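In listed order, ligands and their atoms are each counted from 1. Predicted, not measured: the structure shown is a model, and the values here were computed from it. Heavy atoms only: backbone and side chains are in, while hydrogens, waters and symmetry mates are out.
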Amino acid sequence: MTSILVLNGPNLNLLGTREPATYGHETLDDVERTCRALGDELGIDVAFAQSNHEGALVDAIHDCRDRHDGIVLNAGAYTHTSIALRDAIAGVALPCIELHVSNVHAREPFRHHSAIAPVCLGVVAGFGVRGYPLALRALTERLTG
Ligand code: CA2
């Protein structure tokens, strides 16, 4: 069965608790439920994880090699800085979609640069947490043809 890891980076465990104008009211648990329900609908396995630690995210990406077929990655602020995450994505050579809840290009200039976009299949940003199912559908289409 096709399997996708939805991986979340630093501070996304706070989703739904603060800054609702930017990130909305839904929690990461809500997002996980939505993604798992969509997985059932699409007939794919959806795994879900979050870490605040860059190395743990690198490990999670490496672990995808034997377990998953693709990655939906909201790398949080590491998106803008992490060569380690970029190298991990390139290293596992699995299709990865970069995801952001907010429209990073309409925010501060330091959020406009992505270290990981060049090694990702595509980017979904600015659709709130609705971006997660959008990215999952797009990646499933790519994987199952
Ligand atoms: O828009 C996104 O999904 C981001 O990846 C979220 C990151 C931010 O650094 C990126 O530039 C864009 C931050 C996640 C912080 O999430 C919070 C949620 C609620 C309250 C506080 C932080």
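For atom 9 (O) of ligand 1, the nearest non-hydrogen atom of the protein is Arg111 NH1, 2.9 Å. Residue, atom and distance of the protein heavy atom nearest to atom 1 (O) of ligand 1 are Ser102 OG, 2.5 Å. Protein heavy atom in closest approach to atom 2 (C) of ligand 1: Val101 N, 3.3 Å.
A donor-acceptor contact closer than 3.5 angstrom is absent between the side chains of Thr79 and Glu98. Using modelled atom types and a 3.5 Å distance limit, the side chains of Tyr132 and Asn8 yield a donor-acceptor pair.
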Item to complete: List the steps and the verdict of side-chain contact (heavy atoms from CB on, under 4.5 Å) for Arg107 and Thr22.
Response: CA-CA 10 Å; Arg107 300 182 65 192; Thr22 305; 3.7 Å; yes
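When His112, Glu108, Glu19 are checked for heavy-atom proximity to atom 21 (C) of ligand 1, Glu19 turns out nearest.
For the side-chain hydrogen bond (donor to acceptor under 3.5 Å, both in side chains) test, residues two or more places apart in sequence or in another chain that qualify with Arg130 are Glu26. Judged as a side-chain hydrogen bond (donor to acceptor under 3.5 Å, both in side chains), and not counting sequence neighbours, Arg67 has no contacts.
When heavy-atom distances to ligand 1 are checked against a 4.0 Å cut-off, Val104 comes that close only through its side chain, counted from C-beta outward. Heavy atoms of Thr79 found under 4.0 angstrom from ligand 1: none, in either backbone or side chain.
Considering both main-chain and side-chain atoms, His100 comes within under 3.5 Å of ligand 1 through a nitrogen or oxygen pair. Geometrically, ligand 1 and Asn74 share a nitrogen or oxygen pair separated by less than 3.5 Å.
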